[in-house]
Amino acid sequence: MSAGDFDFAERRVLISAGPTFEDIDPVRFIGNRSSGKMGFAIAQAAARRGARVMLIAGPVHLPTPDDVQRIDVRSAAQMHAAVLAQLPADIYIGAAAVADYTPREVAPIKMKKRPGQETLVLDLVRTPDILAELAAHAQRPPLVVGFAAETDRVAEYARGKLIAKRIDLIAANRVGIAGCGFESDDNALEVFWHDGERSLGPAPKAQLADALLDLVREQWCLRAGR
Ligand code: CTP
């Protein structure tokens, strides 16, 4: 089956994409360098292949793909609530770069420097791991797909996350290489599942999205015994 066929018809696909911003005060936040392009490309490809797509988007500058429903969120806590509120789903694809830590408290007014203050220590607390929580949820989608952005030891860290988070498929990309990864329109993915792996790309993110969905479909069919 090739991309363009309606091989995801009637599947309810839930996708998270983009960064999360964790507010420190009314004018500052902690964020990360995700553009959201990979997650949006997957949403677009899945919709074209007939899926009913719900996209939970962090703060990004991207138009909503055709035939995709979108909910915008800002923080990891908001993304967590929005994703859980969309269950049940057939497939969850966690492409968002969720901040791992958030300020314990958001200052209600702008924080000012004190004279002589040369350092600042922020008190941060862990955010919920949306992917791991979904994979352990009573309404677990039958197929849960994660992403891993790694600068080194890509296979080892990605396989570690596959097992620790009890997910079905993980797409790892090496970040910190010029022309690939964040902001770029091209990317390369190493995809791992429990008894296999495949390299995809380098290729435009739209093409990679379809190749990743081909693997998702393979795993779906294996599980469904088809
Ligand atoms: N993820 C999540 N919720 C979090 C953190 C991560 O759902 N609070 C998901 C991401 O959407 C991604 C996967 O977990 O699908 C891996 O994210 P990554 O940042 O690479 O890994 P972490 O689990 O945060 O581990 P580390 O930062 O130690 O590499």
Side-chain angles (χ1 to χ4, degrees), residues 13-23 29-43 46 53-60 71-87 89 91-104 124-137 139-141 143-177 180-182 187-194 197 200 205 208-209 212-213 215-216 219:
V13 180
L14 179 58
I15 300 170
S16 62
T20 67
F21 287 176
E22 310 303 319
D23 288 333
F29 62 86
I30 299 169
N32 59 65
R33 293 180 52 191
S34 168
S35 66
K37 285 178 180 172
M38 193 65 232
F40 272 59
I42 296 167
V53 181
M54 175 58 75
L55 177 61
I56 312 295
V60 294
I71 295 173
D72 285 321
V73 297
R74 179 172 172 84
S75 64
Q78 289 171 359
M79 185 171 279
H80 176 248
V83 166
L84 289 183
Q86 290 305 316
L87 294 178
I91 298 166
Y92 174 69
I93 302 179
V98 186
D100 290 323
Y101 293 91
T102 192
R104 186 182 297 278
L124 304 177
V125 293
R126 281 284 288 270
T127 56
D129 190 321
I130 303 166
L131 184 63
E133 199 174 311
L134 228 77
H137 200 276
Q139 285 183 292
R140 182 195 200 278
L143 206 74
V144 177
V145 182
F147 270 74
E150 310 290 353
T151 55
D152 58 307
R153 293 158 71 180
V154 176
E156 178 189 335
Y157 286 138
R159 281 211 174 275
K161 288 174 189 178
L162 180 77
I163 293 161
K165 301 194 187 206
R166 297 171 180 274
I167 59 176
D168 305 297
L169 208 65
I170 190 156
N173 57 332
R174 195 182 288 273
V175 289
I177 303 171
C180 267
F182 298 126
N187 201 1
L189 297 175
E190 297 285 322
V191 187
F192 302 90
W193 56 99
H194 292 278
E197 61 184 83
L200 305 178
K205 285 179 177 172
L208 278 183
L212 180 64
L213 288 179
L215 291 179
V216 167
Q219 292 298 313

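Residues: numbered from 1 along the sequence shown. Just follow the structure's listing: the first ligand is 1, and inside any ligand the first atom is 1.
A heavy-atom cutoff of 4.0 Å around ligand 1 is satisfied by the protein residues Gly94, Ala96, Val98, Asp100, Thr127, Pro128, Asp129, Ile130, Leu131, Gly146, Phe147, Ala148, Ala149, Lys161, Lys165.
Electrostatic pairing of Arg174 and Glu190 does not count as a salt bridge here, judged by no charged N lying under 4.0 Å from a carboxylate O.
His137 places no side-chain N or O within donor-acceptor distance of the main-chain N or O of Ala132, the cut-off being under 3.5 Å. Side-chain N or O atoms of Thr20 include none that pairs as donor or acceptor with a backbone N or O of Val98 at under 3.5 Å.
Residues passing the ring-ring contact (aromatic ring centres under 6.0 Å, His included) test with Phe192: none are found, sequence neighbours excluded. Residues meeting the salt bridge (Lys or Arg N to Asp or Glu O under 4.0 Å) test with Glu150, sequence neighbours left out: Lys161. Shown here are the salt bridge (Lys or Arg N to Asp or Glu O under 4.0 Å) partners of Asp100, two or more places apart in sequence or in another chain: there are none.
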